[in-house]
Amino acid sequence: MAHTQHQTMRRVLRREIAGTIGLLTDEQDFTAMRRRYRTFVFDDHASYLQQVETLLRTLASQGGHTTVALFDPEEYAAFCAEHELDPDTAASRTRFTAELAATGPTVSYEGQPLDALVPDLIDEAVRQATWEYATTLLSRIGNCASCGEDIGRAAFLRASELLVRILEVSGPGARHLVCSVSTEPETLMAVLRTDDDEHGTPQLDEAAALEFTTVLALGIATGTAGGLVMRTTTPDTTDRVYGWRLRGEWLQPLTAGEVFDAYCTDVESGDLVSPESGVDYCAPPDLGDDGHSTAHTH
């Protein structure tokens, strides 16, 4: 009787444990793990993904909560070297996965198929890498030679003010805002989605807002070319698309034609794409004095 009670209690406790699975989303990464480590015994990437999905469903059916982290072989090798771990053991892989759960990009498993979860996980990894890169560049700019002000910090505060003002003047509805800043070796992009609560107040994801503000701040601090495009969606009305060009510490409105060209051009090829029906490409609302520089340019 006591043995049965102990088994029952263990099953109950198991439901209280949150788990993380480190996922090799890329077949090339999977092949690298197979070639490097004898204890990584999976045969092929397709069956590996199927087994992961089956495990996720099983854990969910047992009442457990699981997050999926992006497992990168190069980061794993560096982690093992730093902590003096043998990389060819399951224990080292699980320790690295536990580290990913705390610091790396993760996505919660909510019953979605793996082919839907994987793109979300990759997007999350790109978001985190973008934020980390932009933050690093901002921190390296240093202080203004004439006034001693921290340029990165001042730019971040300015970007925060602009974002608040944009959300204030955008009106009700769902908003999809994209910020792009031209940097080397490639353009940085950040996306922010918001919707209104029952009181009409925009609700947004704090991590996404932080990333968005950081990318915008980098454009302000460095004076590089950049811009913002917003799409607003309100029930029973036409979607509206408008935007601004980044000019130092202020935003210059794009004309309706410029917005149309930006929104209807393929980013990769530069080819024109057909405009959506029922979409109004228009000039943006007035940001007022908040949209213009109120401080000196560094």
Side-chain angles (χ1 to χ4, degrees), residues 6-136 139 205-211 214:
H6 289 160
Q7 287 182 320
T8 302
M9 289 303 298
R10 281 196 293 269
R11 284 194 295 268
V12 171
L13 284 172
R14 194 176 294 121
R15 291 197 294 267
E16 303 294 324
I17 299 173
T20 303
I21 292 177
L23 181 64
L24 292 155
T25 60
D26 184 85
E27 187 168 3
Q28 184 176 348
D29 288 343
F30 175 87
T31 301
M33 292 294 291
R34 280 201 66 203
R35 290 175 177 174
R36 293 177 188 176
Y37 308 121
R38 178 184 54 80
T39 57
F40 188 80
V41 295
F42 302 96
D43 293 327
D44 65 88
H45 192 232
S47 62
Y48 160 80
L49 292 177
Q50 291 174 354
Q51 291 299 319
V52 169
E53 187 164 18
T54 299
L55 176 59
L56 287 170
R57 288 198 300 264
T58 300
L59 292 171
S61 69
Q62 296 172 350
H65 175 78
T66 307
T67 56
V68 181
L70 189 64
F71 195 106
D72 182 273
E74 301 305 322
E75 291 181 2
Y76 172 64
F79 175 84
C80 289
E82 179 184 353
H83 295 277
E84 299 181 347
L85 300 174
D86 178 2
D88 199 4
T89 66
S92 295
R93 291 192 289 272
T94 56
R95 181 169 170 179
F96 176 65
T97 300
E99 182 79 8
L100 290 177
T103 62
T106 61
V107 171
S108 295
Y109 178 69
E110 306 291 348
Q112 69 271 46
L114 211 58
D115 58 3
L117 185 149
V118 168
D120 288 343
L121 182 57
I122 294 174
D123 286 347
E124 183 63 28
V126 171
R127 277 181 50 185
Q128 182 166 320
T130 298
W131 174 74
E132 290 175 351
Y133 180 65
T135 300
T136 299
S139 67
D205 179 81
E206 291 184 4
L210 177 61
E211 178 206 340
T214 304

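Sequence positions, counted from 1, serve as the residue numbers for this chain.
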Sidechain-backbone polar pair: Asp88 side chain, Thr39 backbone, donor-acceptor under 3.5 Å: yes

Approximate separation, where rounding is to 0.5 Å, of Asp44 CG and Arg34 CZ: 8.0 Å

Option passing side-chain contact (heavy atoms from CB on, under 4.5 Å) with Leu49 (candidates Thr54, Leu24, Leu114): Leu114

Aromatic ring pairing Phe40/Tyr48, orientation class (parallel under 30°, perpendicular over 60°, tilted between): tilted

Spacing of Leu55 atom CG and Glu53 atom CD [to the nearest 0.5 Å]: 11.0 Å

CG on Leu23 to CG on Asp72, rounded to 0.5 Å: 12.0 Å

Any residue meeting salt bridge (Lys or Arg N to Asp or Glu O under 4.0 Å) with Arg95, in chain and number order, not counting sequence neighbours: none

Plane angle bin for His45 and Phe30 - parallel if under 30°, tilted between 30 and 60°, otherwise perpendicular: tilted

Parallel, tilted or perpendicular: rings of Phe79 and Phe96 (30°, 60°): tilted

Considering all heavy atoms, the nearest Thr97-Gly22 contact: CG2-N, 3.5 Å

Arg36 side chain reached by Pro73 side chain, heavy atoms, under 4.5 Å: yes

Residues that Tyr133 engages under ring-ring contact (aromatic ring centres under 6.0 Å, His included), provided they are two or more places apart: none

Minimal non-hydrogen separation, Arg127 against Ala207, with atom names: NH2-C, 3.6 Å

Full working for side-chain contact (heavy atoms from CB on, under 4.5 Å) between Leu56 and Ile21: CA-CA 9 Å; Leu56 287 170; Ile21 292 177; 3.6 Å; yes

Within residues 103-116 or reaching into it, pairs that qualify as side-chain hydrogen bond (donor to acceptor under 3.5 Å, both in side chains) - sequence neighbours excluded: none

Nearest-0.5 Å distance, OG1 of residue Thr94 to CD of residue Glu99: 12.5 Å

Donor-acceptor contact present, side-chain Ser92 to main-chain Asp86, <3.5 Å: yes

Spatial distance of atom OG1 (Thr25) from atom CG (Leu121) [nearest 0.5 Å]: 6.5 Å

Gap separating the CG atom of Leu70 from the CD atom of Glu75, nearest 0.5 angstrom: 7.5 Å

Over all atoms of both residues, closest heavy-atom pair of Trp131 and Glu211: CD1-CA, 3.8 Å

